Amino acid sequence: MNILEWTFVASVLTATAPVVLAALGGLLCSVSGIFNMALEGQLLFGAFSAVVVSHLTGNAWCGVAGGVAATALYSAVLSVSAVTFRADPVVVAVGLNLLALGLTSFLMRRILGTAGTYTSPELRGLPTLASLGLGKITVIGPVLGPQSPLVPVAFVLVVAAAWWLKRTRSGLRLRGIGQHPEAAESLGLKVGPYRHGVVLAAGALCGLAGAQLALGNVTLFSEGMSAGRGWVAVVAVMLGGVRPYRVLGACLLFGVAEALGFRLQGVGLPQQFADAAPYVITLLALVLASVAGRRRSARLEFT
């Protein structure tokens, strides 16, 4: 087993991309002052919607567009509940996660005519960058060649979000709304529309994450296929706060652990251990970050 191969780096990027997209949506919600715990359900709903639309149209890019649009619409439940009616976003998010799990299983039987896992030679997955001409380039080819176009898009969006939050008027306003909503309202900023827009954008990003998972990483849909990735994205937001690059680092930690787990299966490690490894490492990172945060707070109290 060699983790220094370019193929291992490619596996890390493949595993990281859906989590990064979902976590970016959670980060934007967090910046606006809304803690979005519905990322798991939104990611699952996005994966299902992308597969259904790709199945019906025979076009993977239509599947991506369908997944983005459907998940943005699904996230409107959280937007209206938490922003308009001021419901507890955590309670609403838990309900949305449970609803996505049951609804996708039910609709899978009604629309796709099967249960468990749906796969078909007629289901169109996303093209790889190798098929678009990048496969023969030294270094770049082995790393980006196996990826769908959505993988580099995910990392570009992190850079774009970091720039937008720091360098643009609307980004700075969003940060102000998240930190001091009453002060922002007193200055004439419309807090509600900003938060509605961010929650819907987060839903669209989760739809993009689901499309990458179901049509990019693989070409199928299985019940519960998000498999905790949305929760990992929530943890990444908790670890990274409102700093996009820190969130990206937390997501890369998960990607490395998942890619390493697949490699360890190849040398005889039990599948159950390899499957659990990414989540165990993510949980340990959260615990260590929590302990470090408490120690910093304790030192500040005594200074």
Side-chain angles (χ1 to χ4, degrees), residues 3 8-31 35-44 46-47 67-68 71 93 97 143-144 146-165 198 201-214 216-218 225-263 274-290 292-293:
I3 64 173
F8 179 76
V9 178
S11 299
V12 171
L13 296 183
T14 301
T16 302
V19 181
V20 165
L21 288 167
L24 190 58
L27 178 144
L28 293 176
C29 288
S30 182
V31 170
F35 185 51
N36 188 350
M37 288 183 60
L39 302 179
E40 174 76 3
Q42 290 174 351
L43 198 159
L44 179 62
V68 169
T71 313
N97 288 333
V143 174
L144 293 182
Q147 316 295 347
S148 83
L150 294 184
V151 172
V153 166
F155 293 92
V156 169
L157 285 175
V158 173
V159 177
W163 176 82
W164 178 66
L165 290 171
V198 165
L205 286 168
C206 285
L208 202 61
Q212 167 59 29
L213 180 63
N217 289 16
V218 291
M225 74 177 298
S226 52
R229 288 176 175 84
W231 291 113
V232 172
V234 172
V235 171
V237 174
M238 295 172 67
L239 289 173
V242 294
R243 299 183 180 182
Y245 295 123
R246 287 191 179 184
V247 171
L248 173 60
C251 294
L252 282 170
L253 177 65
F254 170 83
V256 169
E258 182 169 315
L260 186 60
F262 284 129
R263 289 295 179 98
D275 290 343
Y279 306 99
V280 171
I281 291 174
T282 303
L283 180 60
L284 287 175
L286 180 60
V287 171
L288 291 174
S290 177

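FYI, the numbering just counts along the sequence from 1. Excluded from the calculations below are hydrogen atoms, water molecules and symmetry mates; all remaining heavy atoms, backbone and side chain alike, are included. Keep in mind that this is a model prediction, so the values were computed, not measured.
Closest heavy-atom contact between S30 and V242: OG-CG1, 4.1 Å. Listed here is the closest heavy atom pair of N97 and G41: OD1-N, 2.7 Å. Between V247 and G241 the shortest heavy-atom distance is CG2-O, 4.0 Å. Of all the heavy atoms in C206 and T71, the pair that sits closest is CB-CG2, 4.2 Å. The shortest heavy-atom contact between E40 and G230 is OE1-N, 2.7 Å. Nearest approach of A202 to Q42, heavy atoms of both residues: O-OE1, 4.3 Å.
Distance OG1/T14 to CG/L213: 11.0 Å, rounded to 0.5 Å. Atom-to-atom distance recorded for M238:CE and M37:CE is 8.0 Å, nearest 0.5 angstrom.
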### Query
Hey, mind stepping through N36 and V237 against side-chain contact (heavy atoms from CB on, under 4.5 Å) and telling me if it holds?
CA-CA 10 Å; N36 188 350; V237 174; over 6 Å; no
### Task
Assess whether side-chain contact (heavy atoms from CB on, under 4.5 Å) is satisfied between V158 and Y245, documenting all intermediate values.
CA-CA 7 Å; V158 173; Y245 295 123; 4.2 Å; yes
### Message
Go through it in stages, so that I can follow the logic: the residues are L239 and R246, the test is side-chain contact (heavy atoms from CB on, under 4.5 Å), and I'd like the CA-CA distance, side-chain angles, deciding distance and then a yes or no.
### Response
CA-CA 7 Å; L239 289 173; R246 287 191 179 184; over 6 Å; no
### Query
Taking it one step at a time, do V218 and M225 satisfy side-chain contact (heavy atoms from CB on, under 4.5 Å)?
CA-CA 11 Å; V218 291; M225 74 177 298; 4.0 Å; yes
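The side-chain contact (heavy atoms from CB on, under 4.5 Å) test with S226 is passed by exactly one of L44, L39, V232: L44.
Looking at heavy atoms from C-beta onward, F155 lies in side-chain contact with V151 at the 4.5 angstrom threshold.
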Throw together a table of side-chain donor-acceptor distances under 3.5 angstrom for residues 19-29, partners on residues two or more places apart or in other chains.
none

